[in-house]
Amino acid sequence: MPITTPDLAGAFRLFGERLAEERDALTRLDQAIGDGDHGINMDRGFQAVLGSLPTFLDDGPGALCKQVGMRLISTVGGASGPLYGTFFLRMGTAMGTAEKLEPVELVAALRAGLEGVIQRGKAVPDDKTMVDAMRPAIEALEVSVGGDWQEALASAACAARQGRDRVTPLVARKGRASYLGERSTGHQDPGATSTTILFESLHDALATIS
Amino acid sequence: MQPPEPLVGIVIVSHSARLAEGVRELAAQMAGPDLRLVAVGGGPDGSLGTDASRIADAIREADSGAGVVVLGDLGSAILASQAALEMLPADLGGRVRISGGPVAEGSVLAAVQASIGESLQQVLDAAGSARDLDKGAG
């Protein structure tokens, strides 16, 4: 059950649609501990991605991911543009020129994306960032990818949600939220929230592939 | 007559277009007319934010062959500048340095060093040294 370029594009489309739905909720989270533009920025970036998506489908999943990454870097103001942009760029590089991906190859690409985000943002666990949702989600995929694919994707989405919620009581140590110090405790992190939506979208779009 | 040695260029990145332009104005006062000092501020839609594509354009504009030092106001200005480097050709990207120095004071000190023809490393060091600038307030 290899994953094709249209399959992956479908997952990105779903992610973009969910971001549009959650735009105001993400912005409210960011107003509490950041500069209040996470929902607006992510929605603008993914609207641009969705508008160009049909032109990104000619050269395999790796090229698709790279073009999504470049589009995000050039349309999302704020830290999330370079961070999500790097995530998708590194995923695309890891995929190479393959025309289709086995699940284990997609998981390896997600790991490469995570490493890129960590390298760029310098976040460590419990800094209360997108990494706190992304890392457990990818680790869950890595341990379960050999078994049932649907269950593996479900465990990743679940791990992302748990990661997001686990750091809510913590003090943010990265980005604008870190300027708040102790006052950031108890607020759900916007970046970890949008990352959770990504893994939920991957589950919903790719679990039915067989 | 020998052509003048190229000077290190400076790019000023701020979330606010007006802040970036104001810092450029302040730094330009200390620099000669040959120094390439480029301000880039605001997000892709003109709101407060940063825009890696425009930062990449600003770096191209600021480079005259001697390299470019980039200063930014907040963390995501640095992140966006790092992303901009990946959008540039490797030879140009390789002679760009991103400074963690304070954007206003650092730009002024960097502009002084750049305008007298100092090296990329010396301009970078000047930008960083602005962290410890003695303003006489004790």
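Here is how names work: the chains are called A, B, and so on, in the same order as the sequence lines, proteins then strands, and each is numbered from 1. Everything numeric here is computed off the predicted structure, so don't read it as measured data.
With a 6.0 Å radius and a threshold of 12 heavy atoms from other residues, nucleotides or ligands, A:Glu99 has its CD atom at or below the threshold. For B:Glu25, the CD atom counts as loosely surrounded, since its 6.0 Å shell holds 12 or fewer non-hydrogen atoms of other residues, nucleotides or ligands. Heavy atoms of other residues, nucleotides or ligands lying less than 6.0 angstrom from CG of A:Asp59 number 12 at most.
Residues A:Asp35 and B:Leu48 are not in side-chain contact: their nearest non-hydrogen atoms beyond the backbone lie 4.5 Å or more apart. Side-chain atoms of B:Gln82 and A:Pro82, non-hydrogen and from C-beta on, never get closer than 4.5 Å to each other. Considering only heavy atoms from C-beta on, A:Met70 stays 4.5 Å or farther from B:Glu86 through its side chain.
Looking at A:Leu83, only its side chain comes within 4.5 Å of chain B, counting heavy atoms on both sides. When heavy atoms are compared at a cutoff of 4.5 Å, A:Thr86 does not approach chain B at all. Residue A:Asp37 touches chain B through its side chain alone, counting heavy-atom pairs closer than 4.5 Å.
Between the CE atom in B:Met87 and the OG atom in A:Ser74 there is a gap of 5.5 Å [rounded to 0.5 Å]. Put simply, OG on B:Ser76 and NZ on A:Lys174 are 12.5 Å apart, with the number rounded to the nearest 0.5 Å.
When every heavy atom of A:Arg120 is checked against every heavy atom of B:Ala83, the shortest pair comes out as NH1-CA, 3.7 Å. What you find for B:Ala52 and A:Ile73 is that their closest heavy atoms are CB-CG2, 3.3 Å.
Put simply, of B:Ala80, B:Gly49, B:Gly42, B:Pro44, the one with the most heavy-atom pairs under 4.5 Å next to chain A is B:Pro44. Annotation: maximal heavy-atom pairing with chain A below 4.5 Å, among B:Ile55, B:Leu79, B:Ile78, occurs at B:Leu79.
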